[in-house]
Amino acid sequence: MALRDLSMALRDISISLRPGTPEWPGDTPYDCRWTWQLSAGASVNVSAFSCSPHVGTHADAPLHVAEGAPAAHELPLAAFAGRARVADVRHVTGAIGFSELGLDAQVASVPRLLLRTGRTIAEGAFPAEWPVLSPECLQRLSALGLQLVGVDCPSVDARESTDLSMHHAIFGAGAYIVENLDLRDVEAGEYELLALPLKLEGLDAAP
């Protein structure tokens with residue numbers, strides 16, 4: 001997953017998957033092993049790994065929150081590639097209002113919004129809390145053609161949420177979700193995003 005800034009430089013904004021990458025508490029953690037190794041006399045090195053598709057940087061599919069909804073292999077690629085706006089909301093606690101996104105009052109469209117909350121797993125710890133979009137903010141973004149919401153924290157909903165209302169609202173607005181971005185070195189501004197999810201048939205999320 002990458003952002004391209006106006007200088008055409010590519011920036012990797014995905015979380016490294018490795019033993020110890022924080023998973024959502026209770027979810028299946030990342031694990032890896034060697035199936036064959038050259039050092040053991042095999043003709044090749046071949047590894048294997050297992051984890052929840054929600055570990056590290058991933059796209060949620062509507063199936064994650066609704067039975068019978070589209071799965072990961074049905075995510076539309078166009079939503080995950082193209083012009084994106086990074087908003088620095090590290091100063092926000094609780095709900096993120098539209099005025100806190102730092103957008104020009106005359107902005108004509110916001111197809112993809114990436115939120116830099118500063119509450120990331122990138123440094124190896126699962127955050128206790130993080131800010132989330134307010135329903136009113138999402139409504140205004142939807143009117144501006146929103147296709148994708150990306151966050152550097154573990155979820156677009158609050159940690160303690162059980163109804164996952166923001167997931168439902170985003171999907172209901174026809175937009176999609178990327179979680180666990182690494183935006184630590186990314187300033188607010190306009191970028192080109194490339195975040196195509198793996199084509200994992202029937203799953204509720206995709207790295």
Side-chain angles (χ1 to χ4, degrees), residues 1-5 8-82 84 86 112 114 116-128 130 148-157 159 164 167 171 176-186 191-207:
M1 183 174 300
L3 284 177
R4 183 170 61 190
D5 62 25
M8 306 298 284
L10 286 173
R11 305 179 184 208
D12 184 356
I13 57 168
S14 53
I15 299 288
S16 293
L17 286 178
R18 61 183 184 275
T21 297
E23 72 279 2
W24 191 278
D27 203 356
T28 304
Y30 176 83
D31 185 47
C32 59
R33 61 181 176 83
W34 289 104
T35 304
W36 296 298
Q37 288 185 280
L38 290 166
S39 61
S43 59
V44 289
N45 284 321
V46 174
S47 57
F49 72 94
S50 63
C51 65
S52 162
H54 297 272
V55 176
T57 308
H58 65 278
D60 280 348
L63 179 63
H64 182 45
V65 294
E67 288 290 351
H73 69 285
E74 299 171 290
L75 290 169
L77 298 184
F80 297 87
V86 173
R112 297 164 194 86
L114 309 182
R116 185 183 179 188
T117 71
R119 285 75 155 186
T120 174
I121 66 167
E123 295 177 352
F126 196 90
W130 50 83
L148 181 76
V149 177
V151 293
D152 65 350
C153 50
S155 178
V156 295
D157 276 290
R159 179 171 177 167
L164 300 181
H167 277 80
F171 289 136
Y176 294 88
I177 297 167
V178 172
E179 296 169 330
N180 279 334
L181 296 167
D182 184 357
L183 299 176
R184 289 174 296 173
D185 297 323
V186 179
Y191 297 86
E192 290 288 325
L193 173 70
L194 182 62
L196 304 180
L198 292 180
K199 195 173 185 179
L200 300 176
E201 188 162 347
L203 296 192
D204 60 303

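Owing to the predicted nature of the structure, the values given are computational and were not obtained by experimental measurement.
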Would you list the atom pairs, donor with acceptor, under 3.5 Å between side chains in residues 19-44 and any protein atom, with sequence neighbours excluded?
{"from": "T21", "atom 1": "OG1", "to": "S16", "atom 2": "O", "distance (Å)": "3.0"}
{"from": "T21", "atom 1": "OG1", "to": "R18", "atom 2": "N", "distance (Å)": "3.0"}
{"from": "T21", "atom 1": "OG1", "to": "R18", "atom 2": "O", "distance (Å)": "3.0"}
{"from": "D27", "atom 1": "OD1", "to": "S52", "atom 2": "OG", "distance (Å)": "3.4"}
{"from": "D27", "atom 1": "OD2", "to": "S52", "atom 2": "OG", "distance (Å)": "2.7"}

Which donor-acceptor pairs under 3.5 Å do side chains of residues 196-207 form with protein atoms, sequence neighbours excluded?
{"from": "D204", "atom 1": "OD2", "to": "H54", "atom 2": "NE2", "distance (Å)": "2.5"}
{"from": "D204", "atom 1": "OD2", "to": "H64", "atom 2": "ND1", "distance (Å)": "3.3"}

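One finds the CG atom of L193 at 5.5 Å from the CG atom of L114 (value rounded to the nearest 0.5 Å). Note that the CZ atom of F80 and the CZ atom of R112 stand 10.0 Å from one another [nearest 0.5 Å].
Listed by first and then second residue, the side-chain hydrogen bond (donor to acceptor under 3.5 Å, both in side chains) pairs involving residues 67-80 amount to none (not counting sequence neighbours).
Nearest heavy-atom pair, D60 versus F171, reported as atom, atom and distance to 0.1 Å: O-CZ, 3.7 Å. Nearest heavy-atom pair, D185 versus R11, reported as atom, atom and distance to 0.1 Å: O-NH1, 3.2 Å.
With sequence neighbours excluded, the residues that form a side chain to side chain contact (heavy atoms under 4.5 Å, CB included) with A122 are I15, T120, D182, R184. With sequence neighbours excluded, the residues that form a side chain to side chain contact (heavy atoms under 4.5 Å, CB included) with A69 are P62, A66.
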* Please walk me through it: do V149 and V178 pass side chain to side chain contact (heavy atoms under 4.5 Å, CB included)? -> CA-CA 6 Å; V149 177; V178 172; over 6 Å; no
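At most 12 non-hydrogen atoms from other residues, nucleotides or ligands lie less than 6.0 angstrom from CZ of F49.
A donor and an acceptor atom, one from each side chain of T57 and N180, are nowhere located under 3.5 Å apart. No side-chain donor-acceptor contact under 3.5 Å links D157 and S155.
No donor-acceptor pair closer than 3.5 Å links the side chain of D152 to the backbone N or O of L183.
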